[in-house]
Amino acid sequence: MAAYKPLPLFRARVLVTLVVLFCLAGTFFLPSCKAQAATIVLDPGHGGYDGGAPSGNEFAEKQFTLALAQKIAGLLAARHRVELTRSSDIEMAPADRAAVANHLQADLMISLHAAVAPYCSNRTAAVYYHNDDRLSIPSGTSIQDTAIESDTGRPAWFRLQIRHQHQSQHLAAMIKRSIGETGAFDSVTVSGVPLVTLMGADLPAVLVEVGCIHPAAAPDPKTLTEQLNGYAESIANAIETAVAGLAQ
Ligand SMILES: [Zn+2]
């Protein structure tokens, strides 16, 4: 066995300098080095007593969205910090979902939902961004929210998303293009609508609706798994594209 010989100090310094210079050059010239790790919040829609769209007796939209979020998180976790607003079957108020993303100072938030048959298909998807600040103040909101707005110039929480509307619209367009390119969908639409879940989100945020839940029939487990895998891959790819796009 050869004896270990330490590098002379000068050669060690040159080596470290070369590594640093190579890494700096990589961030400018190599596209893969440009991609920054982002904090992504995935919000599985519904939960607890709120099952969302029912499907048969045992399965509901709340399980569909949680399974989808976990699969997307699994695909992104190696490169990004991914947090779920809920990781079990618990009830969550809409404002609390946005609060999770705000608290983490996340880069983007994707709320996940499914559509309900008969007005949908497994080959269609819809992407929504929040587009209305004329919503009435939700019941339970304290008067202080309004006072804070007028006293400090900081918008009340239910208007936070409006500040990011342009970026959220851009994010929705990127996600539409990216999931459209995967071939998993025949049609992907983008709409701006009032979204209670996202109106308090102080970051670019969209709601993605995939799948088609049939209230009268539970899905075949094998088909469901294949669908969820396909949706998860499409949405994870779209998020990667969006992270790179929002950084530019
Ligand atoms: Zn839903």
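We count ligands from 1, going down the list as the structure has it; atoms in each ligand are counted the same way. These numbers were taken from a predicted model, which means no experiment stands behind them.
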Practice item. Go through the steps for Glu83 and Ile40 under the test side-chain contact (heavy atoms from CB on, under 4.5 Å), then give the verdict. Key: CA-CA 6 Å; Glu83 301 286 345; Ile40 296 152; over 6 Å; no
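Here Glu61 reaches the Zn ion (ligand 1): one of its N/O/S atoms is less than 2.8 Å from the metal.
Note: Phe59 and Phe64 have perpendicular aromatic rings, judged against thresholds of 30 and 60 degrees for the angle between ring planes.
Taking the Zn ion (ligand 1) as reference, His46 places its N/O/S atom NE2 nearest. Looking at His113 and the Zn ion (ligand 1) together, the shortest N, O or S contact belongs to ND1.
Among the candidates Arg97, His113, Arg86, the single residue satisfying the side chain to side chain donor-acceptor pair (under 3.5 Å) test with Asp43 is Arg97.
His130 and Gln165 form no side-chain donor-acceptor contact under 3.5 Å, judged by distance and modelled atom types alone.
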